[in-house]
Asks: 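The structure under discussion is supplied below as structure tokens; questions concerning it will follow.
Chain naming here is simple, since letters A, B, ... match the order of the sequence lines and numbering starts at 1 in each. Everything quoted here is computed from the prediction, not taken from an experiment.
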2 protein chains.
Amino acid sequence: MKVSTLGHALLGLLSAQPMTGYDLTAAFDQSLANVWSARHSQIYPELAKLVGAGLIEQTEAGPRGSKRYAATAAGEAEVRHWLQGRAPGDALRSERLLRVFFLWMLRPADAAAYLRAEAVRHREQVARYESVGNEIPVERHPADRWGRIALEAGIRYENTMAEWALWAADEIEGGGPVPVT
Amino acid sequence: MKVSTLGHALLGLLSAQPMTGYDLTAAFDQSLANVWSARHSQIYPELAKLVGAGLIEQTEAGPRGSKRYAATAAGEAEVRHWLQGRAPGDALRSERLLRVFFLWMLRPADAAAYLRAEAVRHREQVARYESVGNEIPVERHPADRWGRIALEAGIRYENTMAEWALWAADEIEGGGPVPVT
DNA sequence: ATCTTACATGTCGAATTTGACATGTCAAGA
DNA sequence: TCTTGACATGTCAAATTCGACATGTAAGAT
């Protein structure tokens with residue numbers, strides 16, 4: 001039984017705490033949004049699949065026809081196995097970075113403007129992350145601590161990209177014709 | 001006529017220089033690999049689609065049944081339009097970062113070991129990038145200069161992640177039980 | 001009482017992406 | 001001459017992802 005990345009993400013979330021599909025969707029929109037995304041239309045079928053595989057189970061039926069799931073022992077084992085296996089998808093996918101390869105097609109001033117706007121967006125993201133950081137409860141579950149650690153990665157990433165974008169903008173505007181030594 | 005991200009990437013590459021599907025596949029395996037990936041099985045059909053849309057055209061038929069394509073004026077205009085439109089897919093997708101959210105499921109020592117191994121992988125990537133940097137010709141096409149700029153983003157990114165991973169490993173191993181105030 | 005919003009789950013078709021299968025050419029070295 | 005590896009293009013089924021459509025409940029405000 002092979003489990004997709006989405007499956008592993010759901011399994012991981014449900015190992016920390018039992019949740020409904022709605023809660024999981026919210027988790028993908030909030031904390032996980034910046035590393036992996038999924039819509040509810042993908043989440044619900046995946047939950048059914050995981051139940052079928054015996055990796056999660058429904059633990060409770062709530063108010064609005066809601067169903068709460070938790071990872072089974074087999075499910076938790078699967079996550080641990082995934083965590084320790086060699087990273088297969090170590091590839092990063094980012095349309096924003098892809099665009100940089102083609103900025104040479106714009107006039108230098110436009111490209112520089114684009115990069116400075118990117119820097120602003122990255123800084124804004126840092127601000128959002130920092131406000132999220134202030135909302136994380138003071139360590140109730142180990143997952144919270146790891147949430148902070150992942151957040152730190154996000155903050156460092158955004159700051160690095162913001163600095164890079166400003167550097168690149170200067171490089172392009174100031175650079176002028178290439179010094180061919 | 002809507003063009004996918006892959007389509008825009010192909011259009012951008014073919015605006016810099018006419019290439020065959022094989023060349024494009026190589027470009028996705030090399031320079032673009034770290035921001036967007038595509039297999040030849042996706043590239044060839046997409047080329048046919050772009051030809052149909054009048055965004056690229058075959059300019060030459062080579063030795064082994066090879067077909068060289070170049071972007072048309074409409075194709076170049078499409079790339080410029082894409083570059084200037086508001087970033088839709090500003091979401092980053094990384095299975096490696098996703099895993100971090102679930103490292104709490106491992107024993108602290110194992111999680112720290114995982115992070116230190118990550119740091120090593122990031123450093124190795126920096127080394128690879130730097131050796132690629134030495135192979136870029138000295139500015140023959142503006143795209144080369146942008147290649148360097150994109151490379152710089154990659155180098156800064158990997159260095160940041162390597163530093164973060166080491167910091168996180170220390171944080172976990174040193175941190176001990178949570179100070180509950 | 002009605003309205004709005006958040007909660008909650010699902011399906012379906014289309015687009016995207018992957019991996020396997022399939023085929024053939026050309027150049028260089030053994 | 002033969003074999004290997006790089007060059008070169010394609011198809012197909014399956015998996016993944018997305019966006020739209022569809023439906024219904026519970027709580028709180030007006």
Asks: Under 4.0 Å, heavy atoms only, any strand: does B/R93 hit a base, just the sugar-phosphate, or nothing?
Replies: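 Result for B/R93 = sugar-phosphate.
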Asks: So where does chain A start and stop touching DNA chain D, 5' to 3', when the test is distance under 4.0 Å to a non-hydrogen atom?
Replies: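 Contact span on the strand: D/dA15 to D/dA26.
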Asks: Taking only heavy atoms on the protein side, list every residue of residues 13-24 of chain A lying under 4.0 Å from any atom of DNA chain D, sorted numerically.
Replies: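 Result for residues 13-24 of chain A: none.
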Asks: Would you check if there is a donor-acceptor pair between the side chains of B/S37 and A/R93 at a distance under 3.5 Å?
Replies: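 Yes, side-chain donor-acceptor contact under 3.5 Å.
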Asks: Could you tell me the separation between the NE2 atom of B/H40 and the P atom of C/dT18, rounded to a whole number of Å?
Replies: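 After rounding, the reported distance stands at 13 Å.
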Asks: Should B/E118 and B/R96 count as an ion pair when the cut-off is N to O under 4.0 Å?
Replies: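 Counted as a salt bridge, because a side-chain N and a carboxylate O are separated by less than 4.0 Å.
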Asks: Decide whether B/Q42 and B/R39 meet the rule of one side-chain donor and one side-chain acceptor closer than 3.5 Å.
Replies: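 There is no such pair (donor and acceptor under 3.5 Å, judged by atom type) between the side chains of B/Q42 and B/R39.
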Asks: Mind telling me whether A/H8 and A/W82 have parallel, tilted or perpendicular rings, with 30° and 60° as the class edges?
Replies: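 The rings of A/W82 and A/H8 lie parallel, inter-plane angle below 30°.
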Asks: Which residues pass the side-chain hydrogen bond (donor to acceptor under 3.5 Å, both in side chains) test with B/R116, sequence neighbours left out?
Replies: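 side-chain hydrogen bond (donor to acceptor under 3.5 Å, both in side chains) list for B/R116, sorted by chain: B/D170, B/E173.
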Asks: Nearest-nucleotide wise, let me know which of B/T25 and A/T5 is further upstream toward the 5' end of DNA chain D.
Replies: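 Going by which nucleotide is closer to the 5' end, it is B/T25.
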Asks: Check B/E124 with B/R121, please: is the shortest side-chain N to carboxylate O separation under 4.0 Å?
Replies: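 Salt bridge flag = no for B/E124 with B/R121.
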Asks: Look at the side chain of B/R80 and the backbone N and O of A/L106, then say whether any donor-acceptor pair between them is shorter than 3.5 Å.
Replies: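 Side chain of B/R80 to backbone of A/L106, a donor-acceptor pair under 3.5 Å: no, none is there.
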Asks: Please table the atom pairs, donor to acceptor, closer than 3.5 Å between any side-chain atom in residues 52-66 of chain B and protein atoms at least two apart or in another chain.
Replies:
from	atom 1	to	atom 2	distance (Å)
B/Q58	NE2	B/E60	O	3.4
B/T59	OG1	B/R68	O	3.3
B/E60	OE1	B/R68	NE	3.4
B/S66	OG	B/G62	N	3.4

Asks: At less than 4.0 Å, is any side-chain N or O atom of B/R39 found next to OP1 or OP2 of C/dG19? Yes or no.
Replies: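 Yes, because at least one side-chain N or O of B/R39 sits under 4.0 Å from OP1 or OP2 of C/dG19.
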Asks: Can A/Y44 be reached from A/L32 by stepping across I, L, V, M, F, W or Y side chains whose heavy atoms are under 4.5 Å apart?
Replies: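 Same cluster.
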Asks: For the pair made of CD in A/Q30 and C1' in C/dC7, what is the distance, rounded to whole Å?
Replies: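 Rounded to the whole Å, the gap is 14 Å.
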Asks: Can you name the residues that form a side-chain hydrogen bond (donor to acceptor under 3.5 Å, both in side chains) with B/D110, not counting sequence neighbours?
Replies: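 With sequence neighbours excluded, B/D110 shows a side-chain hydrogen bond (donor to acceptor under 3.5 Å, both in side chains) to B/R107, given in chain and number order.
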Asks: For DNA chain D, what residues of residues 41-63 of chain A have any heavy atom nearer than 4.0 Å?
Replies: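 Contacts with DNA chain D under 4.0 Å: A/S41, A/Q42, A/K49, A/P63.
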Asks: Rounded to whole Å, how long is the line connecting atom CH2 of A/W36 with atom P of C/dT17?
Replies: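 Checked: the CH2 to P distance equals 12 Å.
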Asks: Does either side chain, that of A/T5 or that of B/E95, offer a donor lying less than 3.5 Å from an acceptor on the other one?
Replies: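 Their side chains do contain a donor-acceptor pair, which is all the 3.5 Å distance test asks for.
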